[in-house]
Amino acid sequence: NANLENARLASFPGIADGSITVASSSELHSVGLLLRHRLRSGSRGRIDVLGGYRYLRFREGLRIDENFVSTGAGGGIAVGTAIDVYDLFETKNEFNGGELGLAAKFDHDNWGLELLGKVALGNIHRTVNINGATTTTTPAPGSTTNTATGGLLALPSNIAQTTENDLAVLPEFGANLTLDLNDCLQLRAGYTILVLNNVARTGDQIDRSINTNLIPGGSGAGPASPSHPRHELSDFWAQGLNFGLTGRF
């Protein structure tokens, strides 16, 4: 509340036994449908123009679980009380657009070089999901369990699922080196990079300015902080290497 960094005790001798688990996930899927037309060709290679449709989906998830049991009588919490807290941040980015590019292939003896350059322009649909809850279980006898909305980083002030649409650009470049072993087999190795702008990522959606009165059990007074999700954006880069063997029959 003083706009300074702070900490919450999760485990300490004589106070609480606890643990924190953080799980993250990241998925990238893409598919395209292209028409290819020969633009220029010769004895050493060819250049083709490409045009078509491109789809890409990029999803991320981040979940933080806190589990602790009170072992001390201080703090107004009965010994043996178990508290389970989770914060969940999820983002999904779906791109649909038209794509144009060039593909070139050059040959020299048994060696070959393939170059690919494309750029897609279209719509990106973003979804940001923030959720969290705190479950408190009191000890026996008379054990009770109560679940309240809000964790630590995900509180009633920012828990929501929101969507946005925006214009995005998706360029991609690739290069492959090939070696013909014989008339049927070919070794291949290459590199690919793509960039997508206006992407929502999970880490960017976390606001560490917290009104502690909004944590379950608090008074609820004060500003709505962390604030409602704003879809903080960044650029996403993906790079990859490929190795393979191609057979022709």
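In this structure the side chain of P139 never reaches within 4.5 angstrom of the side chain of V79, judged on heavy atoms. Taking 4.5 Å as the limit, every side-chain heavy atom of N96 sits out of range of all side-chain heavy atoms of N123. Using a 4.5 Å cut-off on side-chain heavy atoms (C-beta onward), F89 and E60 make no contact. Using a 4.5 Å cut-off on side-chain heavy atoms (C-beta onward), L167 and N198 make no contact. Within the 4.5 Å cutoff, side-chain heavy atoms of L155 are placed close to those of P226.
In terms of heavy-atom proximity, F95 sits nearest to A168 at CE1-O, 3.6 Å. In this structure, S157 and S225 approach most closely via the heavy-atom pair OG-C, 3.6 Å. For the pair L214 and G220, the tightest heavy-atom approach, listed with the atom from each and the gap, is CD2-O, 3.7 Å. Of all heavy-atom pairs between N242 and N176, the closest is OD1-OD1, 3.2 Å. Scanning both residues, D48 and R36, for their nearest heavy atoms gives OD2-NE, 2.6 Å.
Among the candidates T21, I83, T134, V85, the single residue satisfying the side-chain contact (heavy atoms from CB on, under 4.5 Å) test with E66 is V85.
Cluster partners of W111, using a side-chain heavy-atom cutoff of under 4.5 Å among ILVMFWY residues and allowing indirect links, are L177, L179, L181, L185, L187, L245. Counting Ile, Leu, Val, Met, Phe, Trp and Tyr side chains that sit under 4.5 Å apart, directly or through other members, Y53 shares a hydrophobic cluster with V31, Y55. In the hydrophobic clustering (ILVMFWY side chains linked at under 4.5 Å, chained through shared members), L34 is joined by L50, L116.
In this structure, D87 contributes its side chain and A154 its backbone to a donor-acceptor pair below 3.5 Å. A distance-only check finds a donor-acceptor pair linking the side chain of N213 to the backbone of A221 [under 3.5 Å]. With hydrogens and angles ignored, the 3.5 Å screen pairs a side-chain donor or acceptor of N211 with a backbone N or O of P223. A donor-acceptor pair under 3.5 Å links the side-chain atoms of N158 to the main chain of L153, judged by distance alone. For T149 (side chain) and A133 (main-chain N/O), no donor-acceptor pair under 3.5 Å exists by modelled atom type. A donor-acceptor contact shorter than 3.5 Å is absent between the side chain of S70 and the backbone of A16.
Classification of E5 and R208 as a salt-bridged pair holds, one side-chain N sitting under 4.0 Å from a carboxylate O.
With no hydrogens or angles considered, no side-chain donor-acceptor pair links T202 and T91 at under 3.5 Å. Counting only N and O atoms by type, the side chains of D84 and N67 include a donor and acceptor under 3.5 Å apart. Counting only N and O atoms by type, the side chains of T147 and T135 include a donor and acceptor under 3.5 Å apart.
Expressed to the nearest 0.5 Å, how far CZ of F236 lies from CG of L28 amounts to 5.0 Å. To the nearest 0.5 angstrom, D65 atom CG is 9.0 Å from Y86 atom OH. H125 NE2 to R57 CZ: the interatomic distance, rounded to the nearest 0.5 Å, is 12.5 Å. Rounding to the nearest 0.5 Å places CG of D166 at 4.5 Å from CZ of R126. Atom-to-atom distance recorded for L194:CG and F58:CZ is 10.5 Å, nearest 0.5 angstrom.
In the hydrophobic cluster analysis, where Ile, Leu, Val, Met, Phe, Trp and Tyr join through side-chain heavy atoms closer than 4.5 angstrom, V169 is grouped apart from L196. Tracing side-chain contacts under 4.5 Å through hydrophobic residues (I, L, V, M, F, W, Y), one reaches I130 starting from L62; they form part of the same cluster. Hydrophobic clustering (side-chain heavy atoms under 4.5 Å, transitive across Ile, Leu, Val, Met, Phe, Trp, Tyr) groups W237 together with L241. V49 and L121 fall into different hydrophobic clusters, where Ile, Leu, Val, Met, Phe, Trp and Tyr are joined by side-chain heavy atoms under 4.5 Å apart, directly or via other members.
Listed by chain and number, the residues in a side chain to side chain donor-acceptor pair (under 3.5 Å) with D17 amount to none (sequence neighbours excluded). In this structure, K92 has no side chain to side chain donor-acceptor pair (under 3.5 Å) partners at least two apart in sequence or on a different chain.
When the shell of 6.0 Å around CG of N165 is examined, it contains more than 12 heavy atoms from other residues, nucleotides or ligands. Counting heavy atoms of neighbouring residues, nucleotides and ligands inside a 6.0 Å radius, atom OH of Y191 exceeds 12 of them.
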Just distance, no hydrogens or angles: give the donor-acceptor pairs under 3.5 Å from side chains in residues 98-109, sequence neighbours left out.
unit_1	atom_1	unit_2	atom_2	d
E99	OE2	R54	NH1	2.8
K105	NZ	D107	OD1	2.6
K105	NZ	D107	OD2	3.4

